[in-house]
Amino acid sequence: MGSPFLNHVRREIRLRGYSIRTEKSYVRWIKHYIHFHKLRHPAEMGPEEVKAFLSYLANERCVAVNT
């Protein structure tokens, strides 16, 4: 069944006609984001948390900007 939040994300992605691979990728990155912020709900976070996560990915994990 899973998280109600992630189920909502999956429904939205499907309604927009994205591929299953894109859906899986988006959900995986959202899970990483949530875990990075110690399981806080994304609705409780804002631009500063996004910036911190993206900085972590770029500086610590060497993830490409396009990812």
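Proximity of a side-chain donor or acceptor of His37 to a complementary backbone N or O of Leu39 within less than 3.5 Å is not detected. Under the 3.5 Å distance criterion, the side-chain polar atoms of Glu49 are matched with a main-chain donor or acceptor of Gly46.
Summarising the geometry of Arg40 relative to Glu44, their closest heavy-atom pair is NH2-O, 3.1 Å, with the distance given to 0.1 Å. Shortest non-hydrogen contact noted between Gly2 and Asn7 is O-ND2, 3.7 Å.
Atom NE2 in His35 sits 10.5 Å away from atom CZ in Phe53 (nearest 0.5 Å). Note that CZ of Arg61 and CG of Leu54 are 13.0 Å apart. Values are rounded to the nearest 0.5 Å. Between the CD1 atom of Ile13 and the OG atom of Ser25 there is a distance of 9.0 Å, given to the nearest 0.5 Å.
Taking the centre of each ring, Phe36 and His32 stay at or above the 6.0 Å mark.
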- Message: Test side chain to side chain contact (heavy atoms under 4.5 Å, CB included) on Tyr26 and Arg10; report intermediate values, then the result.
- Response: CA-CA 9 Å; Tyr26 280 23; Arg10 286 183 187 97; over 6 Å; no
- Go through the steps to decide whether Val63 and Tyr56 satisfy the test side chain to side chain contact (heavy atoms under 4.5 Å, CB included), and finish with yes or no. CA-CA 9 Å; Val63 173; Tyr56 162 75; over 6 Å; no
- Verdict with supporting geometry, Leu57 and Trp29, side chain to side chain contact (heavy atoms under 4.5 Å, CB included): CA-CA 11 Å; Leu57 291 177; Trp29 281 113; 3.7 Å; yes
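For Arg28, the CZ atom counts as densely surrounded, since its 6.0 Å shell holds more than 12 non-hydrogen atoms of other residues, nucleotides or ligands. Other residues, nucleotides and ligands place more than 12 heavy atoms under 6.0 Å from the NE2 atom of His41. Around the OH atom of Tyr18, the shell of radius 6.0 Å holds no more than 12 heavy atoms that belong to other residues, nucleotides or ligands.
For the residue pair Ser19/Thr22, the side-chain donor-acceptor check at 3.5 Å is satisfied.
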